[in-house]
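Data first, discussion second: the structure below is written as structure tokens.
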Amino acid sequence: MAEYNFGLFWGLAIQAYEATLVANDSRVDQFFDGSAAALNSVEHQGLRLFQGGATDCTNCQAGAELTLASLSGLNQNGRRGRGGRAADPGFFRTGVRPINDDVGLGGLDIFGIPLSRGAAGNGAQCLFKTPGLSNVEFTGAYQHNGGQATLEQLIDFYSRGGDFPGGGNLGPGIGNKNLSTADRTALVAFLKALSDDRVRYKRAPFDHPELCVPVGHQQVDSATLVIDSSNPQFRLSAADKWAGLPPVDKSGNSVPLQSFDELLQGARADGSRAHSLQDGCSIF
């Protein structure tokens with residue numbers, strides 16, 4: 001019986017483990033738990049901007065999860081977004097690409113069926129899921145196509161009202177904000193305050209055994225990729241390049257994680273940051 005139901009037990013075990021991975025002790029969380037000193041003045045200003053009408057950030061990033069693509073985005077009938085503005089809560093048009101280039105949730109699946117009947121019924125196009133913001137400092141690149149490399153670039157993107165604002169390509173509240181330099185700095189500071197130090201240092205429950213992660217493809221030179229010969233069905237596939245994440249016990253690392261921005265700059269590979277993707281993968 002156990003063998004026949006292995007898939008069920010395996011799935012339940014993974015689900016139970018993932019339910020422990022809740023990053024809810026960032027300095028922003030501490031602030032809302034009553035610690036007024038958890039945020040400095042710049043971060044507090046960023047919080048006020050985030051919540052205020054000057055940015056309309058909470059049109060998409062609302063609730064405890066900081067995204068309407070969550071329980072916070074569902075009303076009693078479980079179908080429509082806040083105020084009935086969206087047939088699929090948490091999916092919005094943000095002007096990342098022209099509608100005809102990238103229809104998102106407004107498209108069809110391989111059988112020609114709409115990905116979202118609500119979106120199709122409203123004639124909506126170019127809808128993309130709003131991600132949560134927990135530990136956003138470490139989750140770049142940003143936007144669904146990775147078009148913004150840093151948080152600073154992301155805030156600039158929304159400040160100018162997207163890259164392709166014409167043709168109905170912007171959802172509610174997403175428009176030219178013309179944020180000042182000080183406002184942009186404050187918003188970035190607030191976003192970084194959403195990082196949980198248990199994640200930053202890989203302390204329990206975010207410790208883990210050795211992991212291997214793909215970090216691109218193997219190259220012969222700057223213009224030639226190595227062909228993956230392991231699967232004859234995919235003769236033109238490039239071979240993955242792997243990096244190792246060393247095992248971490250419950251006490252975590254002595255140095256913080258490398259942020260995506262630092263990874264792009266090739267910085268902090270001197271041991272002052274963890275998981276700089278410079279380690280080999282011993283599992284393979």
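Counting begins at 1 with the first residue of the sequence. Everything numeric in this text was worked out from a predicted model, so none of it was measured.
- Gln258 places no side-chain N or O within 3.5 Å of a backbone atom of Ala274 that could act as its donor or acceptor partner.
- Here the side chain of Asn5 pairs a donor or acceptor atom with the backbone of Met1 at under 3.5 angstrom.
- A distance-only check finds no donor-acceptor pair linking the side chain of Asn176 to the backbone of Gly161 [under 3.5 Å].
- A donor-acceptor contact shorter than 3.5 Å links the side chain of Asp29 to the backbone of Ser26.
- Arg273 and Asp270 are not joined by a salt bridge, as no carboxylate oxygen comes within less than 4.0 angstrom of a charged side-chain nitrogen.
- Counting heavy atoms from C-beta on, the side chains of Phe234 and Asp228 never come closer than 4.5 Å.
- In this structure, Asp197 does not pair ionically with Arg203, as no charged nitrogen and carboxylate oxygen lie closer than 4.0 Å.
- With salt bridges taken as basic N to acidic carboxylate O contacts below 4.0 Å, one links Arg200 and Glu137.
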Might you work through the ring-ring contact (aromatic ring centres under 6.0 Å, His included) test for Phe190 and His44, ending with a clear yes or no? CA-CA 7 Å; Phe190 162 70; His44 195 220; 9.9 Å; no
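- Side-chain atoms of Ser35 do not come within 3.5 Å of backbone N or O of Phe31 as any donor-acceptor pair.
- Here the side chain of Thr58 pairs no donor or acceptor atom with the backbone of Gln61 at under 3.5 angstrom.
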Passes side-chain contact (heavy atoms from CB on, under 4.5 Å), Asp207 versus Asp249? Steps please. CA-CA 6 Å; Asp207 51 324; Asp249 64 23; 5.6 Å; no
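- Side-chain N/O atoms of Thr224 and Asp221 include a donor and acceptor closer than 3.5 Å.
- Under the 3.5 Å distance criterion, the side-chain polar atoms of Glu262 are matched with a main-chain donor or acceptor of Ser259.
- Checking side-chain atoms of Ser70 against main-chain N and O of Glu65 turns up no donor-acceptor pair under 3.5 Å.
- Distance alone, capped at 3.5 Å, places no donor-acceptor pair between the Thr130 side chain and the Ala69 backbone.
- The backbone N or O of Val136 lies less than 3.5 Å from a partner atom in the side chain of Thr139, making a donor-acceptor pair.
- Of the charged side-chain nitrogens involved, at least one lies within less than 4.0 Å of a carboxylate oxygen, so that Glu43 and Arg27 count as a salt-bridged pair.
- The side chain to side chain donor-acceptor pair (under 3.5 Å) check on Asp196 picks up Arg198, with sequence neighbours excluded.
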